[in-house]
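First comes the structure, then the notes that go with it.
In what follows, chains carry the letters A, B, and so on, assigned in the order in which the sequence lines appear, proteins first and then strands, with residues in each chain numbered from 1.
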Amino acid sequence: MPEGKLILITGRSTKQGTGLNKGKDSRDYQEAVRTLEMNREDMARFGLRDGDLVKIKTLYGEATFTCRQEKLPKGMAFVAYGSLSSRLVGGETHASGMPDSKGFEVEVVHLPRGD
Amino acid sequence: MLKIVQGEVYDPINGIDGEKRDICIEGGKIVAEVEGAPTIDASGMVVMPGGVDIHSHIAGSKVNTGRKMRPEDHRGDVVPRTNVTRSGVGYTVPSTFTTGYRYAALGYTTVMEAAVPPLTAKHAHEELNDIPLLDKASFPLMGNNYFVLKYIATGEFQKVKAFVAWLLQATKGYAIKIVNPGGVDTWKWGKNIESLDEKANTFDVTPRQILTTLARVQEDLGLPHPIHVHCNNLGVPGNYETTLKTMEAVEGRRIHITHAQFNSYGGESWARFRSKAPEIATYVNDHPNVTIDVGQVIFGEATTMTADGPWQYRLHQLTGHKWVNSDVEMETGAGIVPYRFSKRNSVNAIQWAIGLELLLLIEDPWRVFLTTDHPNGGPFYFYPQIIKLLMSQDARLEMLESVHKWARTRTSLKELGREYSLYEIAIITRAGTAKALGLKEKGHLGVGADADIAIYPKLDDPEAMFSRPRYVIKGGEVIVEDGKVVKDGLGKTFFVEPAYDEAIEGEIREDFEKYYTVTFENYPVQLEHYLPRHEVIPCG
Amino acid sequence: MEIDNVVCAFCGCVCDDITVTVEEGRISEVKNACTLGRAWFLGHSSNAHRPSGTVNGRPVSTEEAVEEAARILAQARYPLIFGLTSTYCEAQKEAIALAEVLGACIDCCTSVCHGPSGIALQGVGEPTCTLGEVKNRADLIIYWGSNPAESHPRHLTRYAVTPKGLFTPRGRKDRRVVLVDVRPTPSARAADIFLQVKPGKDFECLWALRALIKGIDLEEDAVADTGVTLAQLKDLADRMQSCRFGMLCVGQGLTQSRGKQMNTTAVFLLVRELNGFTKFAAMPMRGHGNVTGIDNVLAWQTGYPFGVNFSRGYPRFNPGEFTAVDVLTRQEADAALIIASDPVANLPRPASGRLSQIPTVALETRESETTKIAKVVITTAPAGISAEGTVYRMDNVPLRLRKVLPSPFPSDEEVLSRLLERVKELKHA
């Protein structure tokens, strides 16, 4: 794993699923799709703490998330899919109709803490 | 109002054999007289009742999976929209709109969907409503149903009877369909049943018990159509003995053996494969309680789809072609495998010949019907080709020369000199099927019949003649001219409402709630939502 | 008032045993539903304050919004109709009729959820069954790339893991549950065995399982870098071959990762081989409440389950050409009609960006990212709460949604039917 890179997995989460029924502007939904999960070692590697803001970049775009430590394999990040994760995905479908929505490489940029 | 004049009328139910008669129509029905009606001049044309297909697979979960899994089937056969009709695709598993138009364009106006899993009956009705122009009905699958098997095992005939009646009402179905009785239930553990007296399924009941019980139920309920049976061991060499035993098992009660071609095989292996059509035909000739449809093979593409899961798996193994299996909880199964019938294939050639042998050897045309078991033997729109082969021995012998030699050496086809008349063609494609289905207002042109009429140009070549009707009239309106659909619309769906003891609902509820994954209340098909145009055919 | 046997159309489980209490024009209580279903029923109670429609953000009547939508669509050279997974089949039929009249491309969320499973079905077929077969018979359940605890909670309790069935009288005790995924999701707690595959290595694992089942001797390096060991796969292969009835539930971890339709093809082939030993089935874990319905209606009316193009007057199908992401990313679509879906939130930016550039019409029950950018918004009654119709469960079992609350807004079916009539008139004129 090159320095500053992670494999991003997007997917469902309970909070995202219940949140979207309260409305896409609801706090639950927004919180769900703005939280990036990482494992302890990766957080340490990037000098991140729970609640820090990180910018995630791909060839197609970037988005800023709040990070949170979770039980994840090393080198992987997870985010509940939504309007933020969609900014990171490309439009190429390799003749399948399906974009590469899971398991793509992203660059992590640690933003200065707000405190 | 409409009057068809000067046509040569073939109306076997009323004994009319090619006489020149005028047909009068009013209010969608045939009437004795009309005054001042527009006329259709049918001089030089043949007038018949609209075709009635007794067995086809046109709607529902299995058919639709067949569509989904075969884009290659559709791409070469596209159907653009017109000012009148919707677009679609054709070939072996046509889209719903195209199915309706193509049947209508052949002069068919009533078609039976022959296998509906009760759990997905709403799906079948949704599709039937999207098949334009035709009147329809559907046969719910019952030969491997949990409650049927259970009450047979406990010897409670009255409960089987009440359940069958309840199920027909819940599914808005028309007839009792039985597919590989006992075998499909056994397939749910990956096995099959090979003889009429084998016990292997959930309740250890035999195919014989299932057949005899349901034949009795049909008789007691007074259902218009007999039990409609896809026999055990379909497709397998040597299966004609099972077919004979199946017909014997009902002890003189009415039985319809469907796509009998697939169940008239001799030889104990593919290498020894041969026709046993004469044996089947002899039995049918001697037993007036039996009707059959043939399931004629058409050379070319087919999509095999049946509730007979174990057979479809076997066919997948034989061919290596893509395979769908879909078992339905508590009720039945389904399998789908694309297939190609080839003239050069020895077994295919024999299969092709067997269908024709059955049609030619069964003497009474009122008890043998033309089907391709669409799309299992091939698409329905090849009926005109088969009609030609039945009407002309020369055409038959010519085609026989072009196929694998086993069709000449292992069947009796080349010796059969019989040639069908137009009157007999009218029986095996409309009058006889309507009668076997108990549809009293279909299949004839007598006063009171539905005004469903096909008018064909009288040509020397029956294939050309039946491929392109000059007019087709449905419910009194012209829907096809020169083989082209000129009017769209929705036909009716028929179903039966046999009376039953309502205690059965309480009786089945406990097991239903334990073992189904839908609630009892959400199971039935609601008439008001799923049968916008319907007609109840009386029982008894 | 308590209404029993209500059908929940939030996810592909389509549970039909929900009891809903309606008090003073709102849903006050929901029984039997999972946390997602509960939120779905409760969340739709209060949308009455929304305008019937908007044009360029200006509130208008439904009629005015339909008129503007019809004008936009009738003028377009290559309109796209997309979404349709959270509405019912009767509305979907109107949308297909509209696509045909417009010569449009019509696609549904299938292309971005289980389209690759549909493509695999077209390639090799699919051994499957209804969910009751799983409940009654399955003694081995494998979730692969699926996180049912968070996406389909009642799949575990109503259909596959804990329910007691005909041949599974002890419920959970009669079953072994395996989870294969790239991370230990909350579903891992429901599993007896968790195999953690490396991202993008599903195909390799599935193919190795096929080899093992066929009796091919593999070396450890055949599965190097997959995250799992040969011993783990051998153990799984043994369990698969020796169970009485196995079920492999296909998640979007397979369809959305590297390999896509090759992953799902590997699943269907693996399950096909297993039927030589025992009874085994596979089933895509369809997400939205009626995504299976739009596949079905499209298939019976056009022959194809998603990504259908009518520009030549007859249906054509070609994933990658006529699918929504591609039609938008290539900047081809020049107008869009979005029905019961939120592509601006969920499609990749290169595709969703196009929707902001072209006139987009959105039929929605509530505010979404798509309604925010849409030129025309038409508010409709939520299916399954204020509109009734047919939906299909993930196993193709049809159920009928009920209407439990009145709505001031027309249904999707009514709006689409009016839109269709208006477009026909404009096209004719």
* Does A:D25 come within less than 4.0 Å of C:K372, counting only side-chain N to carboxylate O? -> yes
* Which region of C:T185, side chain (C-beta onward) or backbone (N, CA, C, O), has a non-hydrogen atom less than 4.5 Å from a non-hydrogen atom of chain A, or is it both or neither? -> neither
* **Heavy-atom pairs under 4.5 Å with chain A, option from C:R349, C:K260, C:E369 with the top count** => C:K260
* Using 4.0 Å as the upper bound for N to carboxylate O, is an ion pair formed by C:R258 and A:D100? -> no
* Measuring heavy-atom distances to chain C, does A:L20 have an atom under 4.5 Å in its side chain, in its backbone, in both, or in neither? -> both
* **Top contributor to chain A contacts, counting heavy-atom pairs under 4.5 Å, from C:V325, C:D326, C:D107, C:T323** => C:D326
* Structure fact -> Rounding to 0.5 Å, atoms CG (C:D202) and NZ (A:K102) come to a distance of 10.5 Å
* Structure fact -> All heavy atoms of A:N21 vs all of C:A39, minimum pair found to be CB-O, 3.3 Å
* Asked: Looking only at heavy atoms, which two atoms of A:T14 and C:L36 are closest? And how far apart?
  -> O-CD2, 3.9 Å
* Structure fact -> Of the listed C:V182, C:T329, C:N318, the one with the largest count of heavy-atom pairs under 4.5 Å with chain A is C:V182
* Which answer fits C:N346, side chain, backbone, both or neither, if we ask what part of it has an atom under 4.5 Å from a heavy atom of chain A? -> both
* Against chain A, label C:F322 side chain, backbone, both or neither, depending on which of its atoms sit under 4.5 Å from a heavy atom there. => neither
* Which answer fits C:Q252, side chain, backbone, both or neither, if we ask what part of it has an atom under 4.5 Å from a heavy atom of chain A? -> both
* Name the member of A:H94, A:E92, A:M98, A:K24 that forms the most heavy-atom pairs with chain C at distances under 4.5 Å. => A:M98
* Which heavy-atom pair separates C:P319 from A:S96 by the least distance, and what is that distance? -> CB-O, 3.6 Å
* To do: Output the option from C:R330, C:R38, C:E321, C:Q196 having the highest count of non-hydrogen pairs under 4.5 Å with chain A.
  => C:Q196
* Take atom CZ in A:R40; do more than 12 heavy atoms of anything else shown fall under 6.0 Å from it? -> no
